[in-house]
There are 2 protein chains.
Amino acid sequence: MTRGDLFSPACPTRRLLDRIGSKWTSMAVKVLAEAAPGEVRFADLRRRIPGISQKMLSVTLQSLVHDGLVARRVEPAVPVRVHYRLTELGLSLEVPLAALREWAEAHMAEIDEASAGR
Amino acid sequence: MTRGDLFSPACPTRRLLDRIGSKWTSMAVKVLAEAAPGEVRFADLRRRIPGISQKMLSVTLQSLVHDGLVARRVEPAVPVRVHYRLTELGLSLEVPLAALREWAEAHMAEIDEASAGR
DNA sequence: TTCACCAGGTAACCAATGGTAACCGCAGAG
DNA sequence: CTCTGCGGTTACCATTGGTTACCTGGTGAA
């Protein structure tokens with residue numbers, strides 16, 4: 001359907017997953033949630049998310065800020081410091097997300113087993 | 001990293017989201033969960049997931065079966081009928097997923113508002 | 001006979017995602 | 001005077017994900 005597609009206004013879940021399901025978002029949210037209600041600086045986030053590049057961290061945070069899940073605070077210090085923290089909305093998302101995380105930690109081994117099995 | 005990349009063995013959440021976060025998986029799981037513990041046939045799924053193509057439903061179901069979240073049963077009838085249902089693992093995933101769905105239904109409007117705002 | 005249905009498979013294409021590398025200005029350390 | 005760290009941005013590429021379109025092969029309906 002290349003056309004207008006008025007469908008799929010439905011399922012907000014998919015739209016949510018489109019936002020938080022991208023490669024690095026869940027890890028960023030996790031790190032920010034662990035630090036909540038404190039803030040984390042850009043470079044700290046980078047260190048705590050192994051393998052992420054500056055660009056990807058940047059765009060990931062931008063989208064989270066854009067969606068109102070993360071707040072960005074610029075400290076006008078000498079080399080400018082930028083602090084990130086979860087908003088209230090972000091913190092509320094943390095609840096179901098933590099449940100999903102627990103499930104993942106408990107059951108991903110079974111998925112791996114099934115995937116490897118055949 | 002086109003190379004081996006030994007990093008990111010961590011965060012099972014991201015690996016989970018890599019699997020269930022793709023465009024159609026969440027909707028397929030939802031439909032199967034609504035029908036659980038009953039089964040749903042291919043064409044029924046196709047009708048209940050507006051906009052999905054045959055191919056995408058096919059590959060989506062394949063990956064779910066591959067990951068052990070969905071079971072596939074072939075009924076050797078005249079034009080062969082294929083039935084899908086959530087496995088126990090899939091059903092257990094439904095719990096945190098339902099929580100995420102509830103969050104999405106309750107709060108996506110706020111995200112939309114924030115996104116539209118700027 | 002021709003059509004549509006069933007459950008897919010295949011091929012080709014296109015857009016979006018993700019990744020690498022380089023660059024920016026500014027500061028303090030050496 | 002050069003190097004590093006800070007918080008990005010930009011340009012460029014490769015890979016992936018998703019899409020349309022067409023194929024199969026057997027069946028019952030028109």
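Basis for what follows: all heavy atoms, side chains included, without hydrogens, waters or symmetry-related copies. Below, chain A is the first sequence line, B the second, and so on; all start at residue 1.
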Hey, is the side chain of B/Lys23 poking within less than 4.0 Å of OP1 or OP2 on D/dT19, counting only N and O atoms? yes

Nearest-Å distance for atom pair CD/P, residues A/Glu75 and D/dG8: 13 Å

Please report, rounded to the nearest Å, how far the C1' atom of D/dA11 is from the CE atom of A/Met56. 16 Å

May I ask you to evaluate whether A/Trp24 reaches the phosphate of C/dG19, defined as a side-chain N or O under 4.0 Å from OP1 or OP2? yes

Separation of C/dT17 atom C1' from B/Asp18 atom CG, nearest Å, is 12 Å

Are there over 12 heavy-atom neighbours, none belonging to A/Glu88, within less than 6.0 Å of that residue's CD? no

Atom pair distance, as rounded to whole Å: CZ in B/Arg19 and P in D/dG17: 12 Å

Dump every N/O contact between nucleotides 2-9 of chain C and the protein below 3.5 Å, one line per pair.
from: C/dC6; atom 1: OP1; to: B/Arg47; atom 2: NH2; distance (Å): 3.2
from: C/dC6; atom 1: O3'; to: B/Arg41; atom 2: NH2; distance (Å): 3.2
from: C/dA7; atom 1: OP1; to: B/Arg41; atom 2: NE; distance (Å): 3.1
from: C/dA7; atom 1: OP1; to: B/Arg41; atom 2: NH2; distance (Å): 3.1
from: C/dA7; atom 1: OP1; to: B/Val82; atom 2: N; distance (Å): 3.4
from: C/dA7; atom 1: OP2; to: B/Ala43; atom 2: N; distance (Å): 2.9
from: C/dG8; atom 1: OP1; to: B/Arg72; atom 2: NH1; distance (Å): 2.4
from: C/dG8; atom 1: OP1; to: B/Arg72; atom 2: NH2; distance (Å): 3.3
from: C/dG8; atom 1: OP2; to: B/Tyr84; atom 2: OH; distance (Å): 2.6
from: C/dG8; atom 1: N7; to: B/Gln54; atom 2: OE1; distance (Å): 3.0
from: C/dG8; atom 1: O6; to: B/Gln54; atom 2: OE1; distance (Å): 2.9
from: C/dG9; atom 1: OP2; to: B/Ser58; atom 2: OG; distance (Å): 3.0
from: C/dG9; atom 1: OP2; to: B/Gln62; atom 2: NE2; distance (Å): 2.6

Heavy-atom side-chain contact between B/Arg101 and B/Leu97 under 4.5 Å: yes

For the residue pair B/Arg19 and A/Ile111, what are the closest heavy atoms and their distance? NH1-CG2, 3.5 Å

Rounded to the nearest Å, what distance is computed from the CZ atom of residue A/Arg46 to the C1' atom of nucleotide D/dC6? 11 Å

Spacing of A/Leu57 atom CG relative to D/dG7 atom P, expressed in whole Å: 10 Å

Beyond-backbone contact of A/Val65 with A/Tyr84, side-chain heavy atoms, under 4.5 angstrom: yes

Is B/Thr60 reaching over with its side chain to a backbone N or O of B/Met56, donor-acceptor style, under 3.5 angstrom? yes

Can you tell me which residue among B/Arg46, B/Arg47, B/Arg41 is in a side chain to side chain donor-acceptor pair (under 3.5 Å) with B/Asp44? B/Arg47

